[in-house]
There are 2 protein chains.
Amino acid sequence: MDAEPISDALVRRLRTTSGLTADEEQAIRVLPVTVRSYGANQTIVRDGDRPTECCLIVAGFCLRAKTTSTGHRQILSIHIPGEIPDLQSLHLHELDHDLVSLTDCTLGFISHIALRELHRRWPNVAEIFWRDTLVDAAMFREWIVNVGQRPAPSRLAHIIVELRERLRIIGRVDPDGFEMPLTQEQIGEAMGITAVHANRVIRQLREDNVVELHRGRVTVLNEMKLMELADFDGRYLHQSPSL
Amino acid sequence: MDAEPISDALVRRLRTTSGLTADEEQAIRVLPVTVRSYGANQTIVRDGDRPTECCLIVAGFCLRAKTTSTGHRQILSIHIPGEIPDLQSLHLHELDHDLVSLTDCTLGFISHIALRELHRRWPNVAEIFWRDTLVDAAMFREWIVNVGQRPAPSRLAHIIVELRERLRIIGRVDPDGFEMPLTQEQIGEAMGITAVHANRVIRQLREDNVVELHRGRVTVLNEMKLMELADFDGRYLHQSPSL
DNA sequence: GTGGGTTCCAAACAAAAGTTAAGGACGCGC
DNA sequence: GCGCGTCCTTAACTTTTGTTTGGAACCCAC
């Protein structure tokens with residue numbers, strides 16, 4: 001698996017979600033990529049930066065977050081291998097949030113120049129990348145609904161199910177669960193609640209035999225209850241090219 | 001003002017935020033637009049629809065919202081003249097939320113076909129439109145922070161200040177205030193709280209002489225207090241082409 | 001101008017979430 | 001194996017927010 005080309009996860013994802021052709025795939029594969037490794041909890045790019053390259057997650061988990069002037073951090077999204085969390089920096093020059101590693105990560109950096117050249121030569125790839133940023137926005141919209149309207153247990157259920165759907169596409173869901181390497185503090189920051197309350201909610205879902213969170217892994221105990229709680233309608237993920 | 005060409009507000013906005021050239025501006029101006037009028041509180045396009053055209057707001061206010069299975073509605077954004085709230089439908093075929101008129105509206109519909117042709121002929125305009133959807137996403141990110149991390153009075157202050165910043169660009173802010181035609185119920189739906197609590201918060205801001213909301217208009221009573229409450233850093237709006 | 005709908009307002013009470021604090025489990029490095 | 005730091009856990013208490021309800025103000029249509 002480590003021997004796989006760097007952009008493999010990206011290409012596989014775009015193929016299933018956006019209908020990439022073989023030529024286009026090849027054009028992406030030959031992009032020059034600089035690989036760097038990061039430990040957990042490191043800031044890759046920071047609010048206010050003006051990056052000159054985009055960051056492809058090759059291995060590990062990242063998150064995007066903003067911090068208010070009072071020091072409260074809100075997690076905006078969780079990112080998995082094959083995603084380019086800061087693709088928007090190609091056209092939005094100043095970053096308006098942080099990109100942080102959640103676990104040890106292998107990241108591939110692709111220069112804006114190379115990406116712009118790719119888009120010039122392959123307008124259809126540009127459209128596919130545009131589409132990718134639109135799905136990103138769709139996920140933010142759903143995240144707003146989650147934080148704004150759902151009771152805390154449903155919020156957690158929704159985050160869990162969304163992550164699972166996305167991990168499925170890259171073949172990272174086992175029968176006995178999947179990885180979700182967030183601390184309770186971070187889960188709270190994702191749901192817009194405190195760590196103490198996050199702990200209460202997690203305990204409740206465990207006591208009700210819905211899901212078990214342990215050591216960065218999720219085990220689903222009752223699929224039906226989970227889905228009912230989550231109020232999950234995956235259409236917003238636009239996982240098929242026709243959507 | 002009614003005699004102005006339909007795409008005037010759009011073109012003026014893109015010129016200041018994205019650096020549109022005269023040629024590109026002309027290409028946008030000659031787009032075929034179908035104008036239709038809507039009353040207040042009408043659904044323009046609905047969650048699940050597959051629109052074949054995009055909707056430019058010529059006059060009036062609109063909002064985007066999603067409704068959970070329990071019937072709770074979350075407002076995702078408020079839109080003003082010159083914006084194309086459903087530009088994403090060009091590449092995300094199935095709509096994942098509703099677009100609703102807030103006031104009486106004049107809307108200009110532009111077919112996806114015409115827009116795609118525009119993008120093919122003017123790749124730089126495509127990039128500007130892409131950028132526009134990226135700013136959209138940036139606004140969603142800030143909206144998540146607002147709903148997730150700020151206390152209710154700050155939330156309201158933030159929404160007010162953001163709307164004001166955007167209205168300023170299209171010249172719709174007077175010395176004595178600006179239009180914000182939301183009911184208290186809708187303000188609640190935007191903040192992720194109930195209408196009763198929205199009323200409490202509005203009352204508090206009025207009693208503290210910060211802002212006055214009355215008949216769909218905002219009057220700022222204490223600019224300093226408002227900005228302090230709002231925790232507003234407008235960089236996420238990316239209102240200058242260099243950002 | 002009257003009547004009916006919507007919006008606004010507000011009180012009383014219930015529930016959810018935040019705060020503070022402190023102990024326990026666990027993992028890692030020495 | 002010990003100590004240290006991070007994360008998890010829980011309790012007691014406070015604050016914020018939701019719920020229910022009812023009335024007042026306002027607006028528009030007739």
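Numbers restart at 1 for each chain; the letters A, B, ... are given by sequence-line order, proteins then strands. What you see below is based on every heavy atom in this structure, not just the backbone, and it leaves out hydrogens, waters and symmetry mates.
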Is there any protein nitrogen or oxygen under 3.5 Å from a nitrogen or oxygen in nucleotides 22-24 of chain C, and what are the pairs?
none

Mind checking the [atom1]-[atom2] spacing from [X] to [Y]? Nearest 0.5 Å is all I need.
| X | Y | atom1 | atom2 | answer |
| --- | --- | --- | --- | --- |
| A/Ser69 | B/Asp233 | OG | CG | 9.5 Å |
| A/Leu63 | A/Leu76 | CG | CG | 8.5 Å |
| A/Glu189 | A/Ile75 | CD | CD1 | 5.0 Å |

Provide, to the nearest angstrom, the distance between the [atom1] atom belonging to [X] and the [atom2] atom belonging to [N].
| X | N | atom1 | atom2 | result |
| --- | --- | --- | --- | --- |
| A/Ile187 | D/dC8 | CD1 | C1' | 11 Å |
| B/Arg150 | C/dA17 | CZ | P | 20 Å |
| A/Arg155 | D/dT17 | CZ | C1' | 12 Å |
| B/Gln184 | C/dT6 | CD | C1' | 12 Å |
| A/Leu102 | D/dC7 | CG | P | 11 Å |
| A/Glu185 | D/dT9 | CD | P | 14 Å |

Run the salt-bridge test on A/Glu165 and A/Arg168 with the 4.0 Å N-O cut-off and return the result as yes or no.
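Here A/Glu165 pairs with A/Arg168 in a salt bridge, since their nearest N and O are under 4.0 Å apart.
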Give a yes or no on whether a salt bridge exists between A/Glu179 and A/Arg172, defined as a side-chain N under 4.0 angstrom from a carboxylate O.
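Salt bridge present between A/Glu179 and A/Arg172.
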So does A/Arg36 have more than 12 non-hydrogen atoms from other groups sitting under 6.0 Å from CZ?
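Check passes, neighbour count above 12.
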Taking everything shown except A/Glu223 itself, do over 12 heavy atoms lie less than 6.0 Å from its CD?
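Yes, the 6.0 Å shell around CD holds more than 12 heavy atoms from other groups.
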What residue pairs, at least two apart or across chains, pass side-chain hydrogen bond (donor to acceptor under 3.5 Å, both in side chains) with a residue in residues 133-151 of chain B?
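Residue pairs with at least one partner in residues 133-151 of chain B: A/Lys66-B/Glu142, A/Gln74-B/Gln149, A/Asp96-B/Arg141, A/His97-B/Arg141, A/Trp130-B/Thr133, B/Arg64-B/Asp136, B/Glu142-B/Arg150, B/Glu142-B/His158, B/Asn146-B/Arg150, B/Arg150-B/His158, B/Arg150-B/Asp231.
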Using atom types as modelled and distance alone, determine if a side-chain donor or acceptor of [X] lies under 3.5 Å from a backbone N or O of [Y].
| X | Y | answer |
| --- | --- | --- |
| B/Ser7 | B/Val11 | no |
| B/Thr103 | B/Gly60 | no |
| B/Ser154 | B/Leu229 | yes |

Helix axis bend for the helix from C/dG1-D/dC30 to C/dC30-D/dG1 - C1'-based end axes, five pairs, 10° rounding:
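Computed angle between terminal axes is 50°.
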Nucleic acid footprint by protein, nucleotides 24-30 of chain D - heavy-atom cut-off 4.0 Å, B for base, S for sugar-phosphate alone:
---S---
For DNA chain D, find the residues of residues 189-208 of chain B with a heavy-atom distance under 4.0 Å and give them by number; none if there aren't any.
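Residues of residues 189-208 of chain B under 4.0 Å from DNA chain D: B/Gly192, B/Ile193, B/Thr194, B/Val196, B/His197, B/Arg200.
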Strictly by modelled atom types, are B/Arg200 and B/His197 linked by a side-chain donor-acceptor pair under 3.5 Å?
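A pair is found: one side chain offers a donor N or O, the other an acceptor, under 3.5 Å apart.
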Identify, with sequence neighbours excluded, every residue that meets salt bridge (Lys or Arg N to Asp or Glu O under 4.0 Å) alongside B/Asp208.
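In terms of salt bridge (Lys or Arg N to Asp or Glu O under 4.0 Å), with neighbours along the sequence ignored, B/Asp208 is linked to no residue.
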